[in-house]
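Labels below follow one simple rule: chain letters A, B, ... track the order of the sequence lines, proteins then strands, and each chain is numbered from 1. Because only heavy atoms are used, hydrogens play no part in the values below, and waters and symmetry mates are left out as well, while side chains stay in.
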Amino acid sequence: MALWGMNASFKNREESFMTVQEPTQQQLNQERWRDVPLEFEAIVVGAGPAGLAAAYTLAKGGVKTLLIERGDFPGSKNVMGGILYSYPTHQVISDFWKEAPLERPIVEQRAWLLAEESVVTIGFKDPGFYEEPYNNFSVFRSRFDRWMANKTVEAGATLITETVVTDFLFEERADRRKVAGVVTNRDHGEIRAQVVLICEGANSILTQRLGLQEDLSPGDLAVGVKEVIALPKGAIEDRFNVEKGQGVTIELIGESTQGMFGMGWIYTNKDTLSIGVGVMINQLSRSGMNPNTVLEKMKQHPAVRPLLTGGETKEYLAKIIPEGGYHQVPKLYDHGVLICGDAAMLVNGVHREGSNLAMTSGKLAAETVIEAKKKGDFSSVTLKAYHDRLQDSFVLKDLKKYENASALFQSNPHFFTLYPKLARYSARELFTVDNVSKKDKQKKIWHEVTSRRGIWNIAGDMYRLWRTLG
Amino acid sequence: MHTLEDKLFLVRFQPDDHSHIHINNKELCQHDCPDKPCTYICPAKVYEWNEEVKAINVGYEGCLECGTCRYGCPRDNIHWVNPRGGFGVMYKFG
C-alpha cells in the first residue's frame with residue numbers, strides 16, 4: 001500500500017550506506033508522517049522475524065495493519081546468529097526460497113566440544129537438505145527482513161520506519177484497561193488501533209512497561225557478539241568440505257565460552273562467515289571479561305583459526321538472547337495486546353532455535369487477531385486463544401520440555417569447564433598409539449576421570465542431564 | 001588480531017546529538033559498585049570509569065543497542081531508551 005519514512009534512496013540503499021542523511025530528508029519524513037492515518041485495526045511494533053510474520057499474515061487476512069520499525073529500513077537494527085528455518089518461513093510465504101535473499105542452504109550441522117588446543121566433534125550431513133523445501137538457510141537479517149517487509153507492504157500493510165514506539169494509548173472502561181493504540185516519538189505521534197502486537201525483540205522495554213514481563217535478571221539473558229568475515233573465493237567449499245553453494249553450521253561449546261554457560265557458532269554464508277559467541281550476562285559479569293575478548297579467544301583456537309585464514313572482518317554486531325526459558329515467558333496477551341518472538345522469551349537455547357519460534361508466534365498471533373476481528377472482540381477473553389495456540393504448537397511444547405535446562409547449566413558449571421577437559425583427556429589417551437594395551441588405557445582414563453570428579457557425582461550429572469534434555 | 005576499536009570502526013552509526021543513555025545516580029557508581037560491570041560487559045565498551053570526575057563516561061554514539069547494560073547493571077542504575085527513529089546503529093549485514 002504505502003511506504004512512509006523511507007529514505008528516498010531506499011532502492012539504492014547499498015550505494016548510500018556511507019552517506020549521512022540530509023536534514024531535509026528528516027523534514028520530508030515528518031511531512032509523510034502527517035499523511036499516516038490515525039487509526040488502524042492492528043499495529044505491529046517491530047519489523048523482525050516475529051513482526052514481519054505477523055504483519056504479513058494480518059495483511060493477507062484483510063486486517064488494516066500498520067507495521068512500525070525504529071530503524072531507517074526494516075532489518076537495519078536486526079541481529080541474529082544467522083539461521084533462518086525453512087518450514088515456518090514457508091508457512092508464512094510459500095516458496096520464499098525462489099526469490100528471497102538467502103545465503104546458503106545448510107546441509108551439514110556440526111557440534112564441537114572444545115578444550116584447550118583440541119576438539120571432539122560430532123555432526124550430521126545430508127545432501128537431501130540441499131533440495132526443496134530445504135531445512136534451513138544462513139541469511140543476513142538486514143537483507144532478508146527488508147525483502148520480507150516489501151512483501152508485507154505488497155500484501156497491503158502500511159510500513160512506517162524511523163519511528164520509535166514509546167508508550168501506549170489506553171481505553172479505560174469500568175472493569176478493565178484496554179490497549180487502544182501506541183504513542184510514538186514523532187510530533188502528534190499517537191495512532192489508535194483495536195489491537196497492538198509487540199514484536200520489539202529481546203530488550204523488551206514495552207512488554208515490561210505493560211507489566212506483562214517482570215524485570216529480567218542477568219541470569220535470564222545471554223549477550224551475543226558476532227563478526228561477519230569475508231573469505232577468499234572458493235574458501236568455504238574447500239575449508240568446509242561442501243559442494244558449491246552448500247552450507248555448514250558449527251556449534252561450539254566448552255572452551256569457546258571460556259567455560260561460561262553459553263555457546264559459540266560458525267555459519268557459512270555465500271562469501272563470508274558469521275562467527276559469534278553468546279554467554280550468560282551474569283556469568284560474564286563475574287568473569288570480568290568483555291564479550292569481544294571471549295570471541296577473539298575462540299577465533300584463536302587451533303580448530304577455529306585455520307577456517308578464518310585470510311579473512312577480512314566486515315561487521316561487528318551485538319544482541320541479547322532470551323535464555324530464561326519456559327518459566328520466564330511473560331503473560332502473552334492482555335486486553336488489546338499480544339507479545340511475540342524474543343520479547344516473549346520464545347527461544348530454545350538447547351537447539352539454538354529462535355527465528356522459527358518468532359515467526360510461528362507472529363503467525364499464530366495474527367491468526368488470533370483475524371478471528372478476533374470476526375468476533376468484534378479484542379479483549380483478553382478472545383486473545384487468550386493466542387496463548388492456547390502456542391501451547392498446542394512446538395513453540396511452548398519445546399520450551400516446556402527444556403524448562404529446567406537453564407537452571408541446570410547455571411548451577412553446574414562443570415558441564416562447560418571440567419567435562420570438555422575430560423573428553424579431551426579420554427579421546428587423546430584412546431587415540432594415541434603407544435603400545436599400551438587398550439584395557440590399560442581404559443583403566444588409566446577411568447582413574448583420571450574419577451579422580452577429577454567422583455563416580456557418584458558423574459552418575460548424578462548424567463542422570464540430571466538425561467532428565468533435563470532427554 | 002582486530003582490536004575492538006578496529007571492529008567498531010566498521011559499524012555504521014548515525015549518532016543523535018543527545019544521549020539515549022543516562023546514569024540515574026552517579027553516587028551509586030562511585031560508592032556502591034566496586035566491580036562496575038558496565039565497563040566490561042558492554043560489547044562496544046560504551047561505559048568508561050572516569051577517575052578524575054568519579055563518574056561513568058557514556059559514549060552513547062558507539063552503542064550497538066543490544067541492551068546488555070540495562071540487565072547487567074547490578075544497581076539497576078542505567079536508564080536506557082531506544083535512540084530516536086533513524087538514529088543509532090545501522091547494520092549492513094545483520
Side-chain angles (χ1 to χ4, degrees), chain A residues 5 17-18 20-21 26 29 70-73 75-80 140-145 161-164 166 184-186 201-203 205 215-218 220-221 223-225 227-228 269 272 274 281-282 284-285 288-293 296 299-300 313-320, chain B residues 1-18 20-21 33-48 61-94:
Chain A
F17 266 141
M18 300 308 293
V20 177
Q21 201 167 16
Q26 297 264 320
N29 287 340
R70 68 188 184 90
D72 70 336
F73 64 88
S76 70
K77 303 274 189 187
N78 301 355
V79 180
M80 70 172 186
F140 289 124
R141 286 243 74 95
S142 77
R143 294 175 187 171
F144 183 85
D145 292 354
T161 59
E162 300 184 354
T163 304
V164 181
T166 54
T184 72
N185 66 341
R186 293 198 177 246
N203 189 7
I205 296 174
D215 264 356
L216 293 170
S217 86
D220 297 323
L221 298 156
V223 49
V225 290
E227 257 180 71
V228 176
N269 305 310
T272 61
S274 291
I281 295 179
N282 59 344
L284 187 72
S285 265
M289 289 174 80
N290 179 261
N292 179 55
T293 312
E296 279 301 324
K299 282 168 63 185
Q300 295 306 317
T313 301
K314 293 289 184 188
E315 193 164 63
Y316 172 72
L317 313 91
K319 160 185 184 17
I320 51 174
Chain B
M1 183 163 64
H2 280 291
T3 64
L4 182 59
E5 288 69 28
D6 289 339
K7 291 186 194 180
L8 290 170
F9 190 71
L10 300 168
V11 183
R12 296 178 313 126
F13 294 101
Q14 174 91 301
D16 203 345
D17 52 14
H18 58 274
H20 62 287
I21 307 169
C33 193
D35 294 335
K36 302 180 185 28
C38 65
T39 59
Y40 56 83
I41 61 172
C42 167
K45 288 210 173 180
V46 161
Y47 303 88
E48 198 176 50
E61 299 91 340
C63 174
L64 296 169
E65 296 167 37
C66 65
T68 304
C69 56
R70 266 193 92 214
Y71 304 96
C73 173
R75 294 286 168 270
D76 204 9
N77 197 23
I78 298 174
H79 182 74
W80 193 103
V81 297
N82 283 308
R84 241 175 355 132
F87 290 96
V89 69
M90 289 189 284
Y91 287 119
K92 194 170 174 183
F93 293 95

> Counting only non-hydrogen atoms closer than 4.5 Å, does A/S285 touch chain B with its backbone (N, CA, C, O), its side chain (CB onward), both, or neither?
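For A/S285, the contact with chain B is made by backbone and side chain together.
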> Side-chain donor-acceptor pairs under 3.5 Å in residues 74-81 of chain B, sequence neighbours left out?
unit_1 : atom_1 : unit_2 : atom_2 : d
B/R75  : NE     : B/D32  : O      : 2.7
B/R75  : NH2    : B/D32  : O      : 2.9
B/N77  : OD1    : B/N25  : N      : 2.9
B/N77  : ND2    : B/N25  : O      : 2.8

> Please output the residues of residues 65-73 of chain B in contact with chain A, using a heavy-atom cutoff of under 4.5 Å, in numerical order.
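Result: B/E65, B/C66, B/G67, B/T68, B/R70, B/Y71, B/G72.
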> If you count heavy-atom pairs under 4.5 Å with chain B, which of A/I281, A/T293, A/I320 comes out on top?
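Option with the greatest count: A/I320.
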> Can a donor-acceptor pair be found, under 3.5 Å and without considering hydrogens, that links the side chain of A/N290 to the backbone of B/C42?
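Confirmed, A/N290 side chain pairs with B/C42 backbone.
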> Salt-bridged, A/E315 to B/R12, with N to O below 4.0 Å?
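Here A/E315 does not pair with B/R12 in a salt bridge, since their nearest N and O are not under 4.0 Å apart.
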> Looking at A/V225, A/L216, A/L317, which one has more heavy-atom pairs under 4.5 Å with chain B than the rest?
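Ranked by contacts with chain B, first place is A/L317.
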> At a heavy-atom separation under 4.5 Å, does A/L221 approach chain B through its side chain, its backbone, both, or neither?
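When you check distances to chain B, only side chain atoms of A/L221 fall under 4.5 Å.
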> Taking A/S142's backbone N and O only, do any of them form a donor-acceptor pair with A/N78's side chain (distance below 3.5 Å, no angle check)?
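Such a contact is absent between A/N78 side chain and A/S142 backbone.
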> Under 4.5 Å heavy-atom distance to chain B, tell me which part of A/K77 shows up: side chain, backbone, both or neither.
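Interface part for A/K77: both.
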> So, B/K36 side chain and B/C33 main chain: donor-acceptor pair closer than 3.5 Å or not?
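Yes.
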> Applying side-chain contact (heavy atoms from CB on, under 4.5 Å) to A/Y316 and B/D6, what does each step give before you reach the verdict?
CA-CA 10 Å; A/Y316 172 72; B/D6 289 339; over 6 Å; no
> As a quick check of understanding, evaluate side chain to side chain donor-acceptor pair (under 3.5 Å) for A/T163 and A/R70, giving each step before the final call.
CA-CA 4 Å; A/T163 304; A/R70 68 188 184 90; over 6 Å; no
> Applying salt bridge (charged side-chain N to carboxylate O under 4.0 Å, His left out), run through A/E227 and A/K314 and close with a yes or a no.
CA-CA 7 Å; A/E227 257 180 71; A/K314 293 289 184 188; over 6 Å; no
> Is the side chain of A/T272 donor-acceptor paired with the backbone N or O of A/N269 at a distance under 3.5 Å, no angle test?
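Side chain of A/T272 to backbone of A/N269, a donor-acceptor pair under 3.5 Å: no, none is there.
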> Taking side chain as everything from C-beta outward and backbone as N, CA, C, O, which of these in B/V89 sits under 4.5 Å from a heavy atom of chain A? Side chain, backbone, both or neither.
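For B/V89, heavy atoms of backbone and side chain both lie under 4.5 Å from chain A.
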> Between chain B and each of A/T166, A/V79, A/I205, count heavy-atom pairs under 4.5 Å; write down the option with the most.
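Looking at each of A/T166, A/V79, A/I205 in turn, A/I205 comes out on top.
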